[in-house]
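Here the structure comes first, spelled out in structure tokens, and everything after it is commentary.
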Amino acid sequence: MKVTIIHGQSHKGSTYHISKILADKIGGEVKEFFLPRDFGKFCIGCTQCFRKSETLCPHYEKINPLTKHLMKQMY
């Protein structure tokens, strides 16, 4: 099984440890993303990705690896 974990913070507190325990129990391939570190910006809510194209997102270059990974996991 493939598991993707998206952490909302960079520190490794209780939520991080719980996700690791769960991922270990599930087993399989685990990929983790830490949004502040791996993304670096927060969504500004411009909705360009929904209205027109995800490539128009001001943060497209930074978020693209996460999006590609999730799409690969789905298919």
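No hydrogens, no waters, no symmetry mates; every other heavy atom, side chains included, goes into these values. Along the sequence shown, residues carry numbers from 1.
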What residues join V30 in its hydrophobic cluster, counting side-chain heavy atom gaps under 4.5 Å, either direct or through other members? M1, V3, I5, L22, I26

side-chain contact (heavy atoms from CB on, under 4.5 Å) filter on K20, not counting sequence neighbours, yields Y16, E32

Considering residues at least two apart in sequence or located in another chain, which fulfil the side chain to side chain donor-acceptor pair (under 3.5 Å) criterion with H11? Q9

What is the distance from atom CG of L66 to atom OG1 of T4, rounded to the nearest 0.5 Å? 8.0 Å

Quick one: pull up SG in C49 and NE2 in H59 and give me the separation to the nearest 0.5 Å. 10.0 Å

Which pairs with one or both residues in residues 47-58 pass side chain to side chain donor-acceptor pair (under 3.5 Å), sequence neighbours excluded? T47-R51, S53-T55

Could you work out, with side-chain contact (heavy atoms from CB on, under 4.5 Å) as the rule, every residue matching P65, not counting sequence neighbours? none

With sequence neighbours left out, write down each residue that passes ring-ring contact (aromatic ring centres under 6.0 Å, His included) with Y60, or none if nothing qualifies. none

